Amino acid sequence: MDQFLQQIMLVISQIPQGKVTTYGEVARMAGYPGYARHVGKALSKMPRDSKLPWFRVINSQGKISLKGEAASRQRKLLEQEEVNISENGRIRLKQYRWHPE
DNA sequence: TCTATGACGCTAC
DNA sequence: GGTAGCGCCATAG
């Protein structure tokens, strides 16, 4: 499980600025396909001020899965990276999704 | 051991 | 494109 966390963190740290990816993708890249929920769980335990670009991780629908203040924080951070977000809070994955080889 | 839960994904309509 | 349902897997109680 610790190994899982290490891999997750490694993958997330690889996400380039201005790009976003999904929980499922992160899990798969880390070598744990099907563990999307656990990615979110791991991130929820991380401190807000973590150095990791956790805000570049969104769900497969291109939406932020957080609520209230946390959600607006993430949205703000993404906007700072030139990621356009629709009025309904959706991000165009076609355009911003990052998928490595 | 069983049930509920979660920053999710995929398919069907 | 948007929502609803069901599946998935580890953890907490």
Side-chain angles (χ1 to χ4, degrees):
Chain A
M1 192 57 193
D2 231 9
Q3 184 64 35
F4 174 74
L5 205 68
Q6 293 292 315
Q7 289 301 311
I8 293 302
M9 287 168 50
L10 178 65
V11 171
I12 293 178
S13 67
Q14 301 300 307
I15 305 175
Q17 185 175 33
K19 298 286 185 180
V20 300
T21 190
T22 67
Y23 294 92
E25 195 68 29
V26 170
R28 214 181 320 170
M29 286 188 276
Y32 295 84
Y35 284 57
R37 299 193 98 117
H38 296 276
V39 174
K41 195 167 190 174
L43 294 183
S44 67
K45 289 183 178 178
M46 288 184 183
R48 276 197 297 89
D49 57 348
S50 172
K51 300 303 177 187
L52 288 175
W54 58 269
F55 51 86
R56 293 181 191 144
V57 183
I58 57 182
N59 63 30
S60 67
Q61 302 197 321
K63 291 195 298 187
I64 291 175
S65 296
L66 297 177
K67 305 165 188 172
E69 187 188 0
S72 54
R73 257 207 307 277
Q74 181 170 11
R75 191 173 52 200
K76 189 176 179 181
L77 286 167
L78 288 173
E79 289 176 341
Q80 283 177 19
E81 301 206 339
E82 302 176 355
V83 173
N84 298 315
I85 302 177
S86 308
E87 293 184 359
N88 57 357
R90 189 166 294 92
I91 296 172
R92 299 188 182 189
L93 291 179
K94 296 272 190 177
Q95 193 171 358
Y96 301 101
R97 189 156 129 100
W98 172 66
H99 49 106
E101 323 305 312

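Chain letters run A, B, ... following the sequence lines, proteins first, then strands; residues in each count from 1. Computed from a prediction, not measured in an experiment: that's the story for all the values here.
If you take NE2 of A:His38 and P of C:dC8, they are 13 Å apart, rounded to a whole angstrom. As rounded to whole Å, 19 Å separates atom P of B:dG9 from atom OH of A:Tyr32. If you measure from atom CZ of A:Arg37 to atom C1' of B:dT5, you get 8 Å, rounded to the nearest angstrom. In this structure, A:Leu52 atom CG and B:dA7 atom P are separated by 18 Å, rounded to whole Å. Atom NZ of A:Lys41 is separated from atom P of C:dA10 by 10 Å (rounded to the nearest Å). Following rounding to the nearest Å, A:Lys63 (NZ) and C:dG1 (P) show an atom-to-atom distance of 13 Å. The CD atom of A:Gln61 sits 9 Å away from the C1' atom of B:dC8 (whole-angstrom rounding). Atom CG of A:Asn59 is separated from atom P of B:dC10 by 11 Å (rounded to the nearest Å).
Taking the six-membered ring for Trp and thresholds of 30 and 60 degrees, A:Phe4 and A:Tyr32 have ring planes more than 60 degrees apart, a perpendicular arrangement.
When all heavy atoms are compared, the tightest approach of A:Ala71 to A:Ile64 is O-CD1, 3.8 Å.
Salt bridge A:Lys76/A:Glu79: absent, no basic N to carboxylate O contact under 4.0 Å.
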Test side-chain contact (heavy atoms from CB on, under 4.5 Å) applied to A:Val11 and A:Ile8, step by step: CA-CA 5 Å; A:Val11 171; A:Ile8 293 302; 6.0 Å; no
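Among the protein residues, A:Tyr35 comes within range of the sugar-phosphate backbone only, with heavy atoms under 4.0 Å from sugar or phosphate atoms but none that close to a base.
For the pair A:Arg56 and A:Gln17, the minimum side-chain heavy-atom distance is below 4.5 Å.
Of the residues near DNA chain C, A:Lys45 and A:Pro33, the one whose nearest nucleotide (by heavy atom distance) lies more toward the 5' end is A:Pro33.
With values rounded to the nearest 0.5 angstrom, A:His99 atom NE2 is found 11.0 Å from A:Thr22 atom OG1.
Under a 3.5 Å cut-off, the side chain of A:Ser13 and the backbone N or O of A:Leu10 do form a donor-acceptor pair.
For A:Ser60 and B:dC8, the shortest distance from a side-chain N or O to OP1 or OP2 is not below 4.0 Å.
Using a 4.0 Å cut-off on heavy atoms, the residues of residues 74-96 of chain A that approach DNA chain C are A:Asn88, A:Arg90, listed by number.
Counting only heavy atoms from C-beta on, A:Ser44 has its side chain closest to B:dA7 among B:dA7, C:dT3, B:dG6.
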